[in-house]
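Structure first, then comments.
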Amino acid sequence: IYDATKIDKTIEALTLAVSAQGYAFAQVRPRIERDAIGRTVGITYMIEEGPRVYIDRINVYGNTRTKDYVIRREFRLVEGDAYNRLLVRNAKKRLQRLGFFEKVDISRETGSSPDRVILNVSVVEKNTGELSFGAGYSTSEGVIGDISITERNLLGNGQFLRLSLGGSFERQQIDLSFTEPRFLDMNLAAGFDIFHKEIDRSDESNFKNRKTGAGIRLGFPVAENLRGSFRYTFTRDEIYEITNGASDAIRQQEGISNISSVGYTLTYDTRNHRSKPNRGLYLSVSQDFAGVGGDVNYLRTVGEARAYYPLWNKITLVGRVIGGVISGTGGDKVRLNDH
């Protein structure tokens, strides 16, 4: 079946293959021959070779806060490499997707010789810090509120840091999250999460719950638009101050439970922007297995799908579906707090 999108990807792949041989200005054009009677289309890809051109120098301008290496590492090219306009275009897309810049421009000029070009990367930075807070009312918790501080480009190093506080008369929680997007200068995203949560369910269920834990994670690219990640999480979960009227299920789980779990996530993401997308798909599936030590055993699977479609101006239609299943392993039943 004729698919113009696949033809564009073929042109991109052919351009990349030819450019890798040093033909920087090679042009790939599809010649279409239609057969109306047979309802078929013949495609011939015409490749016109250009002169060999190499990168003389890469200059970066406008980054008053973001470190120079944070920008340069988004390029798959360095000085001396064959100029590849496709790789330059992809580098521009990656810089835009970082969310650090209002505007990214990459221009070229003649270098020290006719077969050399200079790339000028001009960026306009934007605020990457965010302070958000909210308040509301819940029929189950009463007055609720939250406040969070987020920095997506910590000290200009491209690192992510978030501290959030939230609570109500029945719930208090604190979360700290940190991510290094290029761990050990490789295309690996490493980070950690620390959390503490206290819930008072004395009024409706006659018990209190306290959770404290931490986790580490490592993410990596699998293919274009596809990423994977592994994680380990340890949680100390306590049910205490059980009062009269509590169910037998709650009484059986009184005390401290240690949850030691490993898990993975696969994510397919074609969104045009990570923080403010208006087009594309986001699909993810994850599994967590508790039972690597600790005293709780279960297997949890969660799937999520999101679609973004621009309607007009700044209005975007978003559809979201999420679902999951959890089951006990090793003969254990699923705990009350894990349902």
Side-chain angles (χ1 to χ4, degrees), residues 3-6 8-13 16 66 70-71 73-76 86-104 123 126 128 130 132 148 150-154 157-162 164 175 177-183 186-193 215-233 262-288 300-311 314-324:
D3 188 339
T5 301
K6 292 183 179 179
D8 290 340
K9 290 183 177 180
T10 302
I11 294 174
E12 186 174 296
L16 182 61
T66 304
V70 174
I71 296 174
R73 70 190 182 188
E74 297 303 323
F75 283 80
R76 302 296 183 260
L86 181 62
L87 292 182
V88 172
R89 186 180 67 184
N90 290 342
K92 181 178 179 180
K93 290 180 180 179
R94 285 192 293 270
L95 287 172
Q96 292 171 330
R97 292 185 66 179
L98 288 176
F100 303 163
F101 311 109
E102 291 281 359
K103 187 178 180 181
V104 177
V123 299
K126 66 179 181 181
T128 55
E130 182 180 283
S132 64
S148 67
T150 303
E151 176 54 66
R152 296 187 297 275
N153 188 13
L154 184 64
N157 294 316
Q159 300 164 332
F160 177 90
L161 179 68
R162 172 177 290 164
S164 60
D175 297 273
S177 180
F178 173 82
T179 301
E180 166 55 64
R182 292 297 178 89
F183 183 60
M186 297 187 293
N187 198 8
L188 299 173
F192 65 84
D193 303 282
I216 55 175
R217 44 189 160 76
L218 184 68
F220 51 90
V222 177
E224 184 180 3
N225 301 322
L226 182 65
R227 290 188 63 86
S229 66
F230 293 104
R231 60 185 167 273
Y232 170 77
T233 306
V262 294
Y264 73 90
T265 298
L266 282 176
T267 304
Y268 178 75
D269 190 355
T270 62
R271 295 176 298 174
N272 58 347
H273 199 282
R274 293 180 182 176
S275 59
K276 295 182 180 179
N278 67 352
R279 186 182 295 276
L281 291 173
Y282 177 89
L283 308 173
S284 75
V285 60
S286 64
Q287 285 190 312
D288 290 278
R300 179 175 57 208
T301 304
V302 178
E304 180 181 3
R306 277 183 260 160
Y308 300 80
Y309 185 79
L311 295 180
K314 296 184 178 181
I315 306 298
T316 302
L317 178 66
V318 183
R320 181 180 186 227
V321 177
I322 184 171

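Predicted, not measured: the structure shown is a model, and the values here were computed from it.
- Of the inter-residue distances, the one linking Arg320 atom CZ with Arg306 atom CZ reads 6.0 Å to the nearest 0.5 angstrom.
- A distance of 7.0 Å separates OG1 in Thr128 from CZ in Phe100, rounded to the nearest 0.5 Å.
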- Apply side-chain contact (heavy atoms from CB on, under 4.5 Å) to the pair Glu304 and Leu283, showing each step before the final yes or no. CA-CA 6 Å; Glu304 180 181 3; Leu283 308 173; over 6 Å; no

- Message: Is there a side-chain contact (heavy atoms from CB on, under 4.5 Å) between Thr66 and Val123? Walk through the geometry before answering.
- Response: CA-CA 10 Å; Thr66 304; Val123 299; over 6 Å; no

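- Scanning for ring pair (Phe, Tyr, Trp, His ring centres under 6.0 Å) contacts around Phe220 gives Phe230, with sequence neighbours left out.
- Atom CG of Leu154 and atom CZ of Arg152 lie 12.5 Å apart (nearest 0.5 Å).
- Applying the salt bridge (charged side-chain N to carboxylate O under 4.0 Å, His left out) criterion to Arg76, with sequence neighbours excluded, gives no partner residue.
- Atom NZ of Lys126 is surrounded by more than 12 heavy atoms from other residues, nucleotides or ligands within 6.0 Å.
- With contacts defined as side-chain heavy-atom distances shorter than 4.5 Å, the pair Glu74/Gln96 does not qualify.
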Show every donor-acceptor pair shorter than 3.5 Å between a side-chain atom in residues 262-269 and any protein atom, with sequence neighbours excluded, or say none if there are none.
from	atom 1	to	atom 2	distance (Å)
Tyr264	OH	Gln287	OE1	2.9
Thr265	OG1	Arg231	NH1	2.7
Thr265	OG1	Arg231	NH2	3.3
Asp269	OD1	Arg271	N	3.0
Asp269	OD1	Arg271	NE	2.9
Asp269	OD2	Arg271	NE	3.3
Asp269	OD2	Arg271	NH2	2.9

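- Taking CZ from Arg97 and CG from Asn90, the interatomic distance works out to 11.0 Å, rounded to the nearest 0.5 Å.
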- Query: What's the verdict on side-chain contact (heavy atoms from CB on, under 4.5 Å) for Asp175 and Asp193, showing C-alpha distance, side-chain angles and the deciding distance?
  - Reply: CA-CA 7 Å; Asp175 297 273; Asp193 303 282; over 6 Å; no

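- The backbone N or O of Leu281 lies less than 3.5 Å from a partner atom in the side chain of Thr270, making a donor-acceptor pair.
- Proximity of a side-chain donor or acceptor of Asn272 to a complementary backbone N or O of Asn278 within less than 3.5 Å is detected.
- Within a 6.0 Å sphere centred on CZ of Phe160, other residues, nucleotides and ligands contribute more than 12 heavy atoms.
- Put simply, OG on Ser177 and CZ on Arg217 are 4.5 Å apart, with the number rounded to the nearest 0.5 Å.
- For the atom pair Met186 CE and Leu218 CG, the distance stands at 8.0 Å (nearest 0.5 Å).
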